[in-house]
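Notes follow the structure.
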Number of protein chains: 2
Amino acid sequence: MKVLIIEDDPLHRSYLNEAVRAALPECDGVLEAENGNAGEKLARDCKSAHVVMDLQMSPRNGIEAARTIWKERPETRILFWSNYSDEAYVRGVSRIVPVGAVYGYVLKSASDDRLKLALRSIFIESQCVIDREVRGMQQKSLGNMNGFTEAEYEILIDIALGLTDRAIAQRRNLSVRSVQNRLQQLYVKLGVYQPPGGQGDDGGFNLRARAVAVALLRKLLNHSALERAEADLAVWLARQTSP
Amino acid sequence: MKVLIIEDDPLHRSYLNEAVRAALPECDGVLEAENGNAGEKLARDCKSAHVVMDLQMSPRNGIEAARTIWKERPETRILFWSNYSDEAYVRGVSRIVPVGAVYGYVLKSASDDRLKLALRSIFIESQCVIDREVRGMQQKSLGNMNGFTEAEYEILIDIALGLTDRAIAQRRNLSVRSVQNRLQQLYVKLGVYQPPGGQGDDGGFNLRARAVAVALLRKLLNHSALERAEADLAVWLARQTSP
DNA sequence: ATCTTTTCTGCGGGATCCCGCAAGGTCTCG
DNA sequence: CGAGACCTTGCGGGATCCCGCAGAAAAGAT
């Protein structure tokens, strides 16, 4: 059994290496990569390695790397080890995990023991391990009370990219009016809605732009989510202009 | 001479501690804090310490902490030690450094020796040290060719916060039309402008929202810059409603 | 199958945005 | 002092956005 470490920070990388050797004495090899690209390549070469990786690397962040690794070998076990539990990350991960896959998500702020325990649980006992804080995020995100539908999230991304209503309608196969409906819905859920009853133009907000702002502040969106979305948009645009 | 370390990651903190002791054997004390708040307090208590800190902590990031520290003792020497050279960070730092202050900005990806050299240069020889990459950023940012005026940056922030033209006009003491002029200017510089000659609604972009998107993608804006802006906006709003 | 609930869709209108045009301002430079 | 460059402001209009209203279609529920 081999373990592949994908992590850009040298300090964290060597710490991880040590932790893996300590927690998994039965493993016979630890590989290291310092970004998503190198990680994918290593994963391809050395078949059947378990992976522990950071999200937020450059070039090619953890989510992208995980997606291609899982696409090639869905049974790979991956432990995500990240600084943050942004909703954007949690959602991004749970969007790409294959059915029945074994994986984990622990925060870097977790204790030494927690990390080692997670390593054993996932790689030896085939058991998923999700940090409490992340789990909390996940439930808030999926249990739709105060959480966002896929449709809402989708349109949030579209306006964050700067698309017009018409463009969104085209892209998602909807009428313009439906797009606007979803927008209204989104505004309500983000608490950016100003019922005309509430006098005083106190706010003076452009709802569309404001929605993006609060989504960013609440970490519903972050840089890498935007990058991913921008890339998707680019391929869609290409498909449009030359079908 | 004492040195204060403000850094949230334990690994990096202890690494820094070691580096400081190695590079500055003449210092007689190393203090540690794990966020901006604790850092400010320590800086207040123990007068006359040199500081080395991370940006991007929570609660209270490095820029905010540095601002209050410098407000209380402008002669404090601060070395910023960060993962990124986002324009938003560089601009944020150079906005708050007092005239004549000695400071430094080195990336975490720099070598061991570079860090130690920077420590000695700043704290012993009173010489500013800015990482090449950061310096490049700075020049691109200030040498206004392909860089942004203060006015442009300001309005970029305002639309990113979701303000309407009218609200911006009020806030910045301009007419609505002038705000729109600045917006056009911004659109051009961000490359988001669609000359009516270039037919085809190919883009289908909402310029205002698109501008924010590309600013984020280019890291002209980031989460902490937005947070800061949001806080500023809040105090301004309060001042408006109850003068 | 019928009724309810939800979603999609068109219509219409008020508010906002984007921007060309032109009439002032300020500032510099020759 | 006048010429030129730049910023500001008002006006006007076309495009877009935001949204209430109401009918049609789809999805569940009884």
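Labels below follow one simple rule: chain letters A, B, ... track the order of the sequence lines, proteins then strands, and each chain is numbered from 1. It should be emphasised that the depicted structure is a prediction, and the values quoted were computed from it without experimental measurement.
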Any residue of residues 151-158 of chain B with a heavy atom less than 4.0 Å from an atom of DNA chain C = none

task = Residues of residues 177-185 of chain A with any non-hydrogen atom less than 4.0 angstrom from an atom of DNA chain C: list those, numerically ordered, please.
result = A:R177, A:S178, A:N181, A:R182

Could you check how far [atom1] of [X] sits from [atom2] of [N], rounded to whole Å?
X	N	atom1	atom2	value
A:R166	D:dC17	CZ	P	8 Å
A:E150	C:dT7	CD	P	15 Å
B:N206	C:dC17	CG	P	10 Å
B:L207	C:dT16	CG	C1'	14 Å
B:I168	C:dC17	CD1	C1'	11 Å
B:L163	C:dC17	CG	P	10 Å
B:D165	C:dC18	CG	P	6 Å
B:L186	C:dC18	CG	P	11 Å

ask   = Counting side-chain heavy atoms from CB outward, which of C:dC17, C:dC19, D:dT9 is closest to B:Y187?
value = C:dC19

query = Salt bridge between A:E154 and A:R171, side-chain N to carboxylate O under 4.0 Å?
reply = no

State, with a plain yes or no, whether a side-chain heavy atom of [X] is found less than 4.5 Å away from one of [Y].
X	Y	result
A:E87	A:R218	no
A:D232	A:E227	no
A:S126	A:R77	yes
A:M53	A:W81	no
A:V179	A:D158	no
B:K108	B:E7	yes

remark   = Hits for ring-ring contact (aromatic ring centres under 6.0 Å, His included) against B:Y105, two or more places apart or cross-chain, chain-then-number order -> none

Filtered N/O pairs between nucleotides 27-29 of chain D and protein, under 3.5 Å:
none

note = Rounding to the nearest 10°, end axes of the helix from C:dA1-D:dT30 to C:dG30-D:dC1 built from five pairs each make an angle of 30°

task = Look at the rings of A:Y89 and A:Y84 and say which category their plane angle falls in: under 30° parallel, 30 to 60° tilted, over 60° perpendicular.
result = parallel

task = Report the relative orientation of the aromatic rings in A:H50 and A:F123; use parallel for angles under 30°, tilted for 30 to 60°, perpendicular for over 60°.
result = parallel

message = Going by side chain to side chain contact (heavy atoms under 4.5 Å, CB included), B:I96 matches just one of B:I69, B:T68, B:I78, B:I63. Which one?
response = B:I63

query = CG of A:D9 to CG of B:N83: how many Å apart, nearest 0.5 Å?
reply = 6.5 Å

If you look only at distance, which donor and acceptor atoms sit under 3.5 Å apart when one is on a side chain in residues 127-137 of chain B and the other is two or more places apart or in another chain?
unit_1: B:D131; atom_1: OD1; unit_2: B:R114; atom_2: NH2; d: 2.6
unit_1: B:D131; atom_1: OD2; unit_2: B:L107; atom_2: N; d: 2.8
unit_1: B:R135; atom_1: NH1; unit_2: B:Q138; atom_2: OE1; d: 2.9

query = Counting only N and O atoms by type, is there a donor-acceptor contact under 3.5 Å from the side chain of B:N206 to the main-chain atoms of B:R208?
reply = yes

